[in-house]
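In each ligand, atom 1 is the first atom listed, and ligand 1 is the first ligand listed. Just so we're clear, the structure is a prediction, and the values are computed from it rather than from any experiment.
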Amino acid sequence: MGCSFMLVCMCFTLYVYPHLSSTAVSGLENEVDEGSLYPEILRDEAVSRLYELGKVSDAEGYLERTFMSPASVRAGYLIRSWMEDAGLRTWIDKMGNVHGRADGSNPSAKALLIGSHLDTVIDAGMFDGSLGIVSAISALKALSVRGKLGRLVRPVEVIAFSDEEGVRFQSTFLGSAAIAGILPASALQYSDKSGSTVQEVLRSNSLDATEGNLHELKYDPESVWGYAEVHIEQGPVLERVGIPLGVVKGIAGQTRLKITVRGTQGHAGTVPMSMRQDPMVAAAELIVLLENVCKHPEDFLSFDEHCKDSSVKSLAGSLVCTVGEISPWPSASNVIPGQVVFTVDIRAMDDMGREAIIYEYSKRMYHICDRRSVSCNLERKHDAGAVMCDPELTAQLKSSSQTALKKMANEFDGEVPILMSGAGHDAMAISHLTKVGMIFARCRGGISHSSKEHVLDDDVWAAGLAVLALLESDM
Ligand code: GLV
Ligand code: MN
Ligand code: MN
């Protein structure tokens, strides 16, 4: 992949559309038929549903819904009731995905799938995932209240995927990968921190996924026309250019690692510094190494050995690495830990470059561990290659987004930006089944994976209108 997403971002900082600021968008032009804008469904009800869903949490005081947790199950039922309210036929599959389908005028035609995820990170915002589900249901409801669902040119199915964040099992896309047919049967045996497996948590919710029946969830590619996903941008570009919507060109690939460092557990007051095999300080050195490698990949890769010059250049702009979770054992202030486990999340637009970084990092990791006399083990928990969105579907989503913005603010005559996504999305898994395209909605300050995540009511409306415009197009 040539151009890094940082470069794309820089391009879009060059122009601004002040007339499309949040206040301008909310002012309807007199000549627009307000009926076709469905503000009560696409804005007011959609926003109130997002707030309602944002309260469905396993935690007190912050939002947390991980795969098949009690709150996730409640959220699934709530979403299902909204799908039924929109006139859709609904079901929940064996991986906990919630489906709602309208057959339209030609039930045997290839279906358009629209979706996003119902799970969240810990201390999440309420728009990540939920916006895509709610805006799709709202757009179908807008058709339903006018008696137009039966006129859809092809079946349309909304899917609320059960796992995109991968927080509970460290393996993302459990729901969407099953539908795409790329979830290995072994995934049913992944275990969470309490030792429960994916299969067990499904069974405790009366969902009987087995190695023998998992393949039944896979959709026949011949039955599917394409997949569209609305998602918050989770970055600052749309806000900077003053445009509520953008479309996505491609999604960065990602790898998640679990690194276990084992040393010698001991007394904090009695073991001399020179005699320690302390996994915590080894982990600290490994984390700083990761930062160095990812900040300056060109210093760590010789491009003739690992990857092409273009990969190194792409990495220099798009590579991001994060340690988001660290657990020492036994975790007490007066104990030198015996073991430290931490996660590494690595993303880049260039898959070969990402592999080269993992190779270089692990090589250096083992040197550090030897020098510090601790043992280190690296497990790959998740891999997803970079995905390019389908150009034709992207053009359709762009035109739907522009139609929506034009309806809302008649003077809009610009082009919606084309962005790269550093965040992962269910579209990555579904790209193994069918062509994919995404619409991004502006979010305040580009903040996401935080309770500060926010989308303006009018931008929720714009997202719903864009989906509606797609549904009303020839597709
Ligand atoms: C999902 O939000 C991810 O990109 O980690
Ligand atoms: Mn997320
Ligand atoms: Mn998401």
Report task. Just say parallel, tilted or perpendicular for the rings of Tyr219 and His99, cut-offs at 30° and 60°. Result -> parallel
Query raised in the report: Around the Mn ion (ligand 3), how many protein N, O or S atoms are there at under 2.8 Å?
Result: 3
Requested in this report: Can you sort out which atoms of ligand 1 are near Glu164, meaning under 4.0 Å from one of its heavy atoms?
Outcome: 1 (C), 2 (O)
Query raised in the report: Is there a salt bridge (charged side-chain N to carboxylate O under 4.0 Å, His left out) between Glu325 and Lys193 once you walk through the steps?
Result: CA-CA 13 Å; Glu325 198 182 337; Lys193 281 184 185 145; 2.6 Å; yes
Query raised in the report: Any salt bridge between Asp457 and Arg43, counting N to O under 4.0 Å?
Result: no
**Report entry** Best match, Gln234, His231, Arg347: closest heavy atom to atom 3 (C) of ligand 1
**Finding:** Arg347
Report summary line: The atoms of ligand 1 lying under 4.0 Å from a heavy atom of Ala423, numbered in the order shown, are 4 (O)
Query - Charged tip of Lys435 within 45° of Trp225 ring normal and under 6.0 Å - result: yes
Query raised in the report: Do the ring centers of Tyr227 and His425 come within less than 6.0 Å of each other?
Result: no
Report summary line: A student checking ligand 1 against Arg256 at a 4.0 Å heavy-atom cut-off should list atoms 5 (O)
Query raised in the report: Does His449 come within less than 4.0 Å of ligand 1, judged by its heavy atoms?
Result: yes
Requested in this report: Using modelled atom types only, decide if a donor and an acceptor are shared between the side chain of Ser69 and the backbone of Thr66 within a distance under 3.5 Å.
Outcome: yes
Query raised in the report: Got an N/O contact under 3.5 Å between Gly424 and ligand 1?
Result: yes
Query raised in the report: Of the protein's non-hydrogen atoms, which lies at the shortest distance from atom 1 (C) of ligand 1, and what is that distance?
Result: Glu165 OE1, 3.1 Å
Query - Criterion side chain to side chain contact (heavy atoms under 4.5 Å, CB included) on Leu42 and Leu37, from CA distance to verdict - result: CA-CA 8 Å; Leu42 298 179; Leu37 288 161; over 6 Å; no
**Report entry** Check: Gly422 main-chain N/O paired with Arg347 side-chain donor or acceptor under 3.5 Å
**Finding:** yes
Query - Part of His382 with heavy atoms under 4.0 Å of ligand 1, whether side chain, backbone, both or neither - result: neither
Query raised in the report: Do Arg168 side-chain atoms and Phe67 backbone N/O form a donor-acceptor pair below 3.5 Å?
Result: yes
Query raised in the report: Do Phe127 and His231 have ring centroids that are under 6.0 Å from one another?
Result: no
